[in-house]
There are 2 protein chains.
Amino acid sequence: MTLEKTPKPTESELEILQVLWQHGASTVRLVHEELSNGKEVGYTTTLKLMQIMAEKGMLEADKTSRSHIYRPLLEEEKTQQQLLDRFMDAAFRGSASKLVMQALGNSNTSKEELNEIRNLLDKLEGGKK
Amino acid sequence: MTLEKTPKPTESELEILQVLWQHGASTVRLVHEELSNGKEVGYTTTLKLMQIMAEKGMLEADKTSRSHIYRPLLEEEKTQQQLLDRFMDAAFRGSASKLVMQALGNSNTSKEELNEIRNLLDKLEGGKK
DNA sequence: TTCATTTTACGAAATCATTCGTATATACTT
DNA sequence: AAGTATATACGAATGATTTCGTAAAATGAA
């Protein structure tokens, strides 16, 4: 099997990926406008970043029309999982339960979401009884 | 109240903090040896990093003896919470439940830990019934 | 066509994180 | 005391990320 290094999007790259995951393939213009909601950033900065990401193989540019259309080549869930694994190691010395407890303890999670989690717990504990 | 920016330890800084959180105040030598278990790194590199961290106010150096003793000025849980909040936003667009589901789904969490989490769920849902 | 607008291309500056070489000071050993 | 080992101080190289200025190309409007 081809051994490919797991890509590690930087913080800025991740912001761009989030926009693309949420909106689907988009122009630099759209991505830039989304980012601008949250912070000051120049258009060419966004452009450059997206071009670099394309070089790195994180995005693919459709250049048929003047405004190129970029789509993410990284899958959202897979990427999140990789980031999460790294983060769990770095910040919580690998302890999933510590991380989960802190995540739940300090956030407003809806009743429905809590139930979803409980169901998952049931399924997991089923295998360990 | 004094408004202080939440500190953002880098990856290397976090590694050092983890050692200090786990072992308590320590010399550069000890921290360096711990880090060396996981990767190649020069002694002066570790030293420099810890000095920089002291400048930034993350560590405090007791310089009374020749081998300075560094202790962490950042609290483990508070720091983890801040990192977690940022990470949740950056990687999961703020969704605690998505993060939690992925964290649990893809890790070997013991029965005991799962029960702890379930208890927390009970407490949380108690307030929402 | 001419002018203004929008887009991409390119290169380089600015910033930040990481690494380490070298010098100097302090302590230990014989 | 002389030599060895260990520590800190300092500065600077390296490398990665982020930022943006400027120019050229493409498009749209007058």
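B:T45 comes within 4.0 angstrom of a base, heavy atoms only. Base engagement by A:T44 is indicated by at least one non-hydrogen atom pair under 4.0 Å involving a base atom.
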Side chain to side chain donor-acceptor pair (under 3.5 Å) between A:Q81 and A:D85, worked out: CA-CA 6 Å; A:Q81 187 67 54; A:D85 290 345; 3.1 Å; yes

From CA spacing to verdict: side chain to side chain donor-acceptor pair (under 3.5 Å), A:R71, A:S26: CA-CA 7 Å; A:R71 74 180 181 87; A:S26 309; over 6 Å; no

Check: protein-nucleotides 24-30 of chain D nitrogen or oxygen pairs below 3.5 Å:
| unit_1 | atom_1 | unit_2 | atom_2 | d |
| --- | --- | --- | --- | --- |
| D:dA26 | N3 | A:R66 | NH1 | 3.4 |

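At whole-Å resolution of the value, CD1 in A:I52 and P in D:dA16 are 12 Å apart. One atom, CE of A:M50, and another, P of D:dT19, lie 15 Å apart when rounded to the nearest Å. Between the OH atom of B:Y70 and the P atom of D:dA9 there is a distance of 6 Å, given to the nearest Å. Distance CG (A:L14) to C1' (D:dA16): 17 Å, rounded to an integer number of Å. Note: NE2 (B:H32) to P (D:dA7) measures 11 Å, nearest angstrom. The distance between atom CG of B:L35 and atom P of C:dT19, rounded to the nearest whole Å, is 10 Å. One atom, CG of B:L30, and another, P of D:dT6, lie 15 Å apart when rounded to the nearest Å. The interatomic distance linking B:E13 (CD) with C:dT18 (P) rounds to 7 Å, in whole Å.
At a threshold of 4.5 Å between non-hydrogen side-chain atoms, the residues B:N37 and B:E33 do not count as touching.
The side chain of A:L47 approaches C:dA9 more closely than any other nucleotide in the set C:dA9, D:dT18, C:dT7. The side chain of A:H68 lies closest to C:dT8 when the candidates are D:dC20, D:dT18, C:dT8. Of the candidates D:dT8, D:dT18, D:dT6, the closest approach to any side-chain atom of B:R29 belongs to D:dT6.
DNA chain D is contacted by both A:G42 and A:K8; A:K8 maps to the nucleotide lying nearer its 5′ end (nearest heavy atom per residue).
At the phosphate of C:dT8, neither OP1 nor OP2 sits under 4.0 Å from any side-chain N or O atom of A:Q51. Not one side-chain nitrogen or oxygen of B:Y43 sits closer than 4.0 Å to the OP1 or OP2 atom of C:dT19. For D:dT8, the OP1/OP2 oxygens have no side-chain nitrogen or oxygen of B:S67 closer than 4.0 Å. Within the structure, a side-chain polar atom (N or O) of A:S12 is placed less than 4.0 Å from OP1 or OP2 of D:dT18.
Here A:E113 does not pair with A:R118 in a salt bridge; the nearest charged N to carboxylate O distance is not below 4.0 Å. Ionic pairing of A:K48 and A:E55 is not present here: no N-O contact between side-chain nitrogen and carboxylate oxygen is shorter than 4.0 angstrom.
Between the side chain of A:K48 and the base of D:dG21, no donor-acceptor pair under 3.5 Å is found.
Between the side chains of A:R29 and A:T46, no donor N or O sits under 3.5 Å from an acceptor N or O.
Sparse packing is recorded around CD of A:E77, with 12 or fewer heavy atoms of other residues, nucleotides or ligands lying under 6.0 Å away.
Note: B:F87 and A:F87 have parallel aromatic rings, judged against thresholds of 30 and 60 degrees for the angle between ring planes.
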